[in-house]
Amino acid sequence: MRKTFVDIDGLRTSVYASLIRYLEEKEYIRWRPFDASNDNGATLEDLNEDKMKNFIHMARTKRNFPLPVETSPMSLLTHLDLIDDKGRLANAAVLLFGKKPQKYFITSEVKCVQFYGNVVEKPMPAYQIYRGDVFELVDQATSFVMSRINNWVGTRAKGEKADIPTRPELPIDAVKEAIVNAVCHRDYTSNASVQIMLFRDRLEVWNPGTLPYGLTVQKLHGPHKSLPANPLLADPMYWNGYIEKVGTGTEDIINKCREYGLKTPEFYQEEDFRVVIWRVNEEGDPMRSNDDPKAFQSVPMNEERLLEIIRENPSISRAALSKQLNMSERQVRKIIDQLRENGVLTREGGNSGKWIINRI
């Protein structure tokens, strides 16, 4: 009887290599960042071509992006390393340009809530869950915060322009930077969502995830390396002017708040990463503009309903808005004026033109 000799070590090596290849192909093990993985099953049909064209337009305006607006979706995705040679889309492509990103990544939404006091307790005057691509999430969440804080209104000074000076209670750049960091650098494998909580004395932005290895909370107060958790997500957000690539985000939050006269923001790394921006200055009073201004705060629900109506019909008139919202034209005009001051809404083409909802 003929004997067969088996190389056990060689067989073990071959089986192990085959197993690793199989697990990599099925994305059960991952050597790349989450945003670069391509096991989502999405196709080009799941992406919005208009979003990609708008991205190129904004990127050319903000950062001199090299591709023309007429660039095809495939060429743009290839340029940004968002599609591989097999035509598989990276997760970042869906998060950036998807028609419905939450169809594939349920927890990529942003939850925003406002509380009457300084602790988490009911009733809550406002609670919103925002869905969309990462740019929409940042804009919607920033609008949520800025429309619910005080806006200090001064008086017209003689000889100056006719606009009434206003000053939001919090610097919009700091608020937006905290939200951008949470959306861009979060752990997308977590079942938690980004949470934004507006208390009477502070704003808290919660980000599911941890700081990169070697980066500590203390280092965030000074110059530090840029170590994005999702580099393929961070790069397009840089091109659209949402972030910088030099690791200045947290420093900018601190500096903007200090320039505003607010207490120094705080950073915490526990189960999640948390940014705290204080709503009052060192003396405990909100910052105000000159001439003994007064504060006003709009009715958020009316703002959101107005924006929903405008999204459906950008050419709608103030009179029609007044009728649909069941309020006077004067009230509608006040809401529109504040949205314009906050950079959320603009009008193009005069009375016969249309409304444009801007990215903040």
Side-chain angles (χ1 to χ4, degrees), residues 109-120 124-132 134-153 166-186 193-208 237 242-243 249-250 252-268 272-281 286-287 295-308 335 337-345 357-360:
E109 62 194 16
V110 174
K111 297 178 180 178
C112 298
V113 60
Q114 180 185 14
F115 298 99
Y116 282 114
N118 298 332
V119 297
V120 176
M124 300 174 293
Y127 177 63
Q128 291 288 327
I129 299 177
Y130 293 112
R131 299 181 176 91
V134 290
F135 301 113
E136 292 169 334
L137 293 177
V138 171
D139 294 341
Q140 291 168 337
T142 303
S143 179
F144 178 95
V145 174
M146 299 308 294
S147 66
R148 287 166 175 78
I149 58 176
N150 293 323
N151 195 14
W152 304 103
V153 183
T166 62
R167 180 186 175 92
E169 182 186 352
L170 296 176
I172 187 172
D173 290 341
V175 172
K176 183 176 179 180
E177 187 69 44
I179 295 171
V180 167
N181 285 348
V183 170
C184 182
H185 302 311
R186 61 156 291 176
S193 301
V194 170
Q195 294 190 64
I196 297 169
M197 295 187 285
L198 182 64
F199 297 92
R200 184 175 60 185
D201 66 341
R202 69 193 186 280
L203 169 70
E204 293 192 5
V205 180
W206 291 65
N207 166 12
M237 296 191 81
Y242 279 67
I243 64 172
T250 50
D252 286 344
I253 295 172
I254 293 171
N255 293 334
K256 292 293 183 183
C257 290
R258 284 177 174 172
E259 290 170 6
Y260 234 65
L262 301 173
K263 293 192 293 185
T264 300
E266 298 173 4
F267 307 103
Y268 298 90
D272 297 312
F273 180 74
R274 177 165 49 111
V275 179
V276 178
I277 297 177
W278 297 98
R279 295 182 65 179
V280 293
N281 63 14
M287 290 297 294
F296 71 87
Q297 191 168 13
S298 63
V299 181
M301 292 303 295
N302 287 338
E303 284 190 0
E304 289 165 5
R305 178 59 183 145
L306 182 144
L307 291 174
E308 286 176 7
I335 296 174
D337 287 345
Q338 184 171 352
L339 290 172
R340 280 176 157 175
E341 289 168 4
N342 289 338
V344 177
L345 193 65
I357 301 174
N358 303 307
R359 285 180 174 173
I360 300 173

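All residue numbers refer to positions in the sequence shown, counting from 1. Hydrogens, waters and symmetry mates play no part in the numbers below; they use all other heavy atoms, side chains included.
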Mind checking side-chain contact (heavy atoms from CB on, under 4.5 Å) for [X] and listing every partner two or more places apart, or none if nothing turns up?
X	answer
D337	R333
C184	A234, M237, I243
A141	V110, C112, I179, I196

**Request:** Taking ring pair (Phe, Tyr, Trp, His ring centres under 6.0 Å) as the test, write out the residues that go with F199, two or more places apart.
**Result:** F115
**Message:** I need the Q195 CD to I129 CD1 distance, nearest 0.5 Å.
**Reply:** 9.5 Å
**Request:** Drop me the distance from M197's CE to Y127's OH, to the nearest 0.5 angstrom.
**Result:** 11.0 Å
**Message:** Checking R200 now: which residues fulfil side-chain hydrogen bond (donor to acceptor under 3.5 Å, both in side chains) with it, not counting sequence neighbours?
**Reply:** none
**Request:** Evaluate the ring planes of F267 and F273, with Trp represented by its six-membered ring, and classify them as parallel (under 30°), tilted (30 to 60°) or perpendicular (over 60°).
**Result:**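 Rings of F267 and F273: parallel, under 30°.
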With [X] via salt bridge (Lys or Arg N to Asp or Glu O under 4.0 Å) - residues at least two apart:
X	result
R131	E109
R202	E204
K111	none
D201	none

**Message:** Could you walk me through whether Y130 and L137 satisfy the side chain to side chain contact (heavy atoms under 4.5 Å, CB included) test, starting with their C-alpha distance in whole Å, then the side-chain angles of each, then the deciding distance to 0.1 Å, before giving a yes or no?
**Reply:** CA-CA 6 Å; Y130 293 112; L137 293 177; 4.2 Å; yes
